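Heads up: the structure comes next, in structure tokens.
Note that this is a predicted model, so its numbers are computed, not measured. Just so you know, ligand 1 is whichever comes first in the structure, and atom 1 is the first atom listed for that ligand. Residues: numbered from 1 along the sequence shown.
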Amino acid sequence: MGYPKVVVDTKIITENVKCIIEKTKYRNISIAGVTKGYCAYPEIAKAFVDGGVDYLADSRLQNLKKLKDIAVPKMMLRLPMISEAEELVKYADISLNSEVKTIKALDKAAQKNGKIHEIILLMDLGDLREGFFKEVDLFHAVEEIKDLSFIKIKGLGVNLTCYGGVIPKTNILKRLTALAERIREDYNIELEMISGGNSSSIYLLDDGLPEGINNLRLGEAIILGTESAYGKTIPGTNPNAFTLRAEIIEIKEKPSVPTEEIGRDAFGQIPTFVDRGVRRRMLLAVGKQDIDIDTLTPTDEDLIILGGSSDHLIIDSTDSKMDYKIGDIVSFNMHYVSMLRVMTSPYIEKEII
Ligand SMILES: *Cc1c(COP(=O)(O)O)cnc(C)c1O
């Protein structure tokens with residue numbers, strides 16, 4: 001197998017899912033396992049299902065297509081495009097929505113497909129990305145769509161901590177459960193699913209997730225064990241399911257700071273340097289088009305990531321106890337952004353174990 005390579009340990013992912021479900025099941029919260037962070041590789045999605053997720057969810061139709069042979073209901077996370085309605089109802093059982101025109105297009109498509117499509121109506125509770133901002137607009141939408149024959153209003157949902165960085169709080173999510181109560185009473189609709197957000201809502205499980213929230217859509221929390229409101233590791237999870245492995249192509253002693261006049265680097269930025277004197281530096285054959293340098297951590301804690309360019313990663317290995325040689329492999333753990341980029345890059349070999 002070639003390098004650079006990402007090794008994905010599906011057993012760790014299954015255990016992470018089990019760990020989170022242990023914390024949510026006593027409250028009857030269903031979990032939609034979000035697959036977009038790893039491009040919905042079916043082998044990894046199966047690890048979600050083995051761990052016990054109730055739904056698989058993704059923001060892209062191409063990804064949901066890849067999951068068609070896995071027998072759990074699928075959820076579309078991004079607001080559907082009208083242009084994809086016909087395909088969407090084939091590959092997604094549920095979608096998140098905030099536009100009546102789109103929902104009517106989904107109704108038509110579902111009729112053609114001969115199957116009811118379920119929708120979650122999204123409220124924007126302050127993060128300012130998607131969802132109805134005014135409550136009255138939500139009620140008007142319910143009135144307009146409640147009698148569509150091929151659409152079932154399955155519930156309400158919210159997404160936070162994505163654009164605005166707004167952290168879910170008890171009072172914010174209580175607005176959602178109160179709205180659900182009101183729709184149930186006024187329109188006699190069951191609203192079986194109240195979806196209370198993503199990995200940033202996990203921290204509320206310990207205190208403050210309102211009664212009535214009965215679904216979470218989780219990617220980061222079950223893949224990397226991180227709750228994303230405060231960036232903490234969730235007790236009992238393992239953050240190291242994904243490991244990047246890259247090969248050393250040069251080792252030389254060099255000064256830390258260029259001695260000639262400095263212009264811009266390969267990405268148009270004026271670089272800055274820490275002067276540590278002459279240091280032993282290694283070049284690795286992986287670069288910014290494959291990884292996010294800021295969210296990568298070498299497993300050898302004595303390595304310092306100095307920077308990189310499109311195809312190179314530059315590492316200071318002076319303080320390491322390891323005797324690295326040309327051709328050796330260096331390993332890294334990854335946060336969400338690096339994982340996403342690594343899984344998206346066609347230059348990175350994928351080894352799923
Ligand atoms: C990506 C996404 C999620 C999952 O986010 P994580 O932070 O990885 O848990 C949930 N809901 C929506 C609408 C999303 O776009």
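No option in H140, R175, R182 other than R175 meets the side-chain hydrogen bond (donor to acceptor under 3.5 Å, both in side chains) test with E135. A side chain to side chain contact (heavy atoms under 4.5 Å, CB included) with F332 is found for one member of T243, L313, D300, V342 and no other, namely L313. The only member of D50, V53, T237 that meets side chain to side chain contact (heavy atoms under 4.5 Å, CB included) when paired with V17 is V53.
Side-chain contact, E130 with Y163: no donor N or O sits under 3.5 Å from an acceptor N or O. Inspection of the R280 and T318 side chains reveals no N or O donor paired with an N or O acceptor under 3.5 Å. When only modelled atom types and interatomic distance are considered, D58 and T35 share a side-chain donor-acceptor pair under 3.5 Å.
In terms of N/O distances under 3.5 Å, ligand 1 is not approached by E130.
Of the protein's heavy atoms, K36 NZ, 1.4 Å lies nearest to atom 1 (C) of ligand 1. Looking only at heavy atoms of the protein, atom 8 (O) of ligand 1 is closest to E220 N, 2.9 Å. Nearest protein neighbour of atom 12 (C) of ligand 1, counting heavy atoms only, is N159 OD1, 3.5 Å. Protein heavy atom in closest approach to atom 11 (N) of ligand 1: R217 NE, 2.9 Å. The protein atom (non-hydrogen) at minimum distance from atom 5 (O) of ligand 1 is N198 CB, 3.4 Å. Protein heavy atom nearest atom 9 (O) of ligand 1, with residue, atom name and distance: S199 OG, 2.5 Å.
With a heavy-atom cut-off of 4.0 Å, M76 does not touch ligand 1 at all. Only side-chain heavy atoms of V34 come within less than 4.0 Å of ligand 1; its backbone N, CA, C and O stay farther off.
Ligand-side atoms of ligand 1 in range of R129: 13 (C), 15 (O), range being under 4.0 angstrom from any heavy atom. Close approach to L218 involves these atoms of ligand 1, each under 4.0 Å from a residue heavy atom: 9 (O). For ligand 1 and G219, the ligand atoms under 4.0 Å from any heavy atom of the residue are 6 (P), 8 (O), 9 (O).
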Let's go through N238 and N16 carefully: what are the C-alpha distance in whole Å and the side-chain angles of both, what is the deciding distance for side-chain contact (heavy atoms from CB on, under 4.5 Å) to 0.1 Å, and is it a yes or a no? CA-CA 7 Å; N238 180 339; N16 284 349; 4.0 Å; yes

Using the rule given for side-chain contact (heavy atoms from CB on, under 4.5 Å), can you reason through I223 versus F48, listing the C-alpha separation, both sets of side-chain angles and the distance that settles it, and then say yes or no? CA-CA 9 Å; I223 304 168; F48 271 8; 3.7 Å; yes

